[in-house]
Amino acid sequence: MPYVYPIPNLLPPELVSEINKRLESEPEAWVDGAQTAGRERGKKKNLELAVDSDLRVQVSDAITTVLRDYQRRESLLFTFLAAPSKIGKFLVSSTDAGGGYGDHMDNNVMGKGTAEELRSDLSMTIFLSDPESYEGGELVIDSDMAFAPSFKMPAGGAVLYATNSIHRVNPVTKGTRVAAITWIESEIADPFMRQVNADLLQCLNAVSLNGEQNPQLAAFLTLKLEKIRGNLQKRFG
Ligand SMILES: O=C(O)CCC(=O)C(=O)O
Ligand SMILES: [Fe+2]
C-alpha cells in the first residue's frame, strides 16, 4: 500500500480565501517554477512565488501556524500522521492551461546546506483553487504503478504522501491550479512505525473525547496506550 493520505479540510476556508485574494493582488510576484526543480526542471511547467518574496514567506507562515495549531481536528490528523519535527517553507505554485509536472521523485533532502535543511520523509500538496475552476491538474501518486491514486482536493484540502514515491501533476487543460507544497521531516523516520504511532494517537484521541461514560476505563486505556507508544518509540526511535 502506498503511503498516501488525503486530508479534506486542512486549512480553514477563511484562510484559503485570504491567501487567494493576496495571490491575485500581486500578479508580479510569480516567477518560472522550473527554478526550484533541480534536475527535474525539464518536466516542470508552472509559476511560483519567488522563494525570497515577502508574499511567499507570509503565505507559508500563515499555513504553518495552522499546522502547528493542535486544536483543529484536521491539523490534529496531520500531526498524527506526519509526527512532524520540521515543516519546510511552502512553495506556492500556479499552473495554467498547458502546464503540469511530469513523473518525478522529490529530493531526499530539502534546503541542503541552509538552516532549513530537512530530510524529506513526506511531501504535501495543499490545494488552494476551487476544483471546479480548472480542468486536469490531478496529483497522481505512485504514478509508476498500474493503480496509482489520483487527487483533486477541495480548496484547503491536502494530500500527504511518502517522498519516496514517483508522482506527477497531470497537465492542466483549462483554468488555473494554485497549490502550496512542502516537505516534512518526521520525528519517526520509519514509515511502519510512523503508522503505528498514528494509530495509537488516534486511539488516544478517541478515548479522551469519549471517556466521560467510563472515566476509569478511559484512564486505564490512556495509560496503557501511552506506555505502548513510549516503549515502541524507545525501541524504534
Ligand atoms: O503541485 C503539486 O501538487 C506537486 C508539485 C510537485 O510534485 C513538486 O513540486 O515537487
Ligand atoms: Fe514533486
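Both counts, for ligands and for their atoms, begin at 1 and track the order of listing. As a basis for the values below, the full set of heavy atoms in this structure was taken, side chains included, without hydrogen atoms, waters or symmetry mates.
A salt bridge does not link Arg22 to Glu18: none of the charged nitrogens lies less than 4.0 Å from a carboxylate oxygen. At a threshold of 4.0 Å, the pair Arg56-Asp54 does not count as salt-bridged, since none of the basic side-chain nitrogens sits closer than that to a carboxylate oxygen. With salt bridges taken as basic N to acidic carboxylate O contacts below 4.0 Å, none links Lys112 and Glu116.
Ligand 1 places these atoms under 4.0 Å from at least one heavy atom of Leu139: 3 (O). Short contacts between ligand 1 and Val169, defined as distances under 4.0 Å to a heavy atom of the residue, involve ligand atoms 1 (O), 2 (C), 3 (O), 4 (C). In the vicinity of Trp183, heavy-atom distances shorter than 4.0 Å reach the ligand 1 atoms 10 (O).
Given atom 8 (C) of ligand 1, the protein heavy atom at minimum distance is Tyr101 CE1, 3.4 Å. Protein heavy atom in closest approach to atom 1 (O) of ligand 1: Arg177 NH1, 2.9 Å. Distance from atom 10 (O) of ligand 1 to its nearest protein heavy atom, with residue and atom name: Asp106 OD1, 3.0 Å.
When the shell of 6.0 Å around NZ of Lys45 is examined, it contains 12 or fewer heavy atoms from other residues, nucleotides or ligands.
Classification of the His104-Tyr101 ring pair by plane angle, with boundaries at 30° and 60°, yields parallel.
Among the heteroatoms counted here (N, O or S) of Asp106, OD1 is the one nearest to the Fe ion (ligand 2).
Taking each heavy atom of Ser94 and Thr176 in turn, the nearest pair found is OG-CG2, 3.3 Å. Heavy atoms only, all atoms of each residue included: Gln213 and Asn210 are closest at OE1-O, 2.7 Å.
By the criterion of a heavy-atom distance under 4.0 Å, the side chain of His167, and not its backbone, is placed next to ligand 1.
Geometry about the Fe ion (ligand 2) gives an angle of 90° between NE2 of His104 and NE2 of His167, rounded in steps of 10 degrees.
Checked against a 3.5 angstrom limit, the closest N/O atoms of His104 and ligand 1 fall inside it.
Ligand 1 is never approached by Phe151 to a heavy-atom distance shorter than 4.0 Å.
Among the candidates Asp106, Asn108, Thr114, the single residue satisfying the side-chain contact (heavy atoms from CB on, under 4.5 Å) test with Met110 is Asp106.
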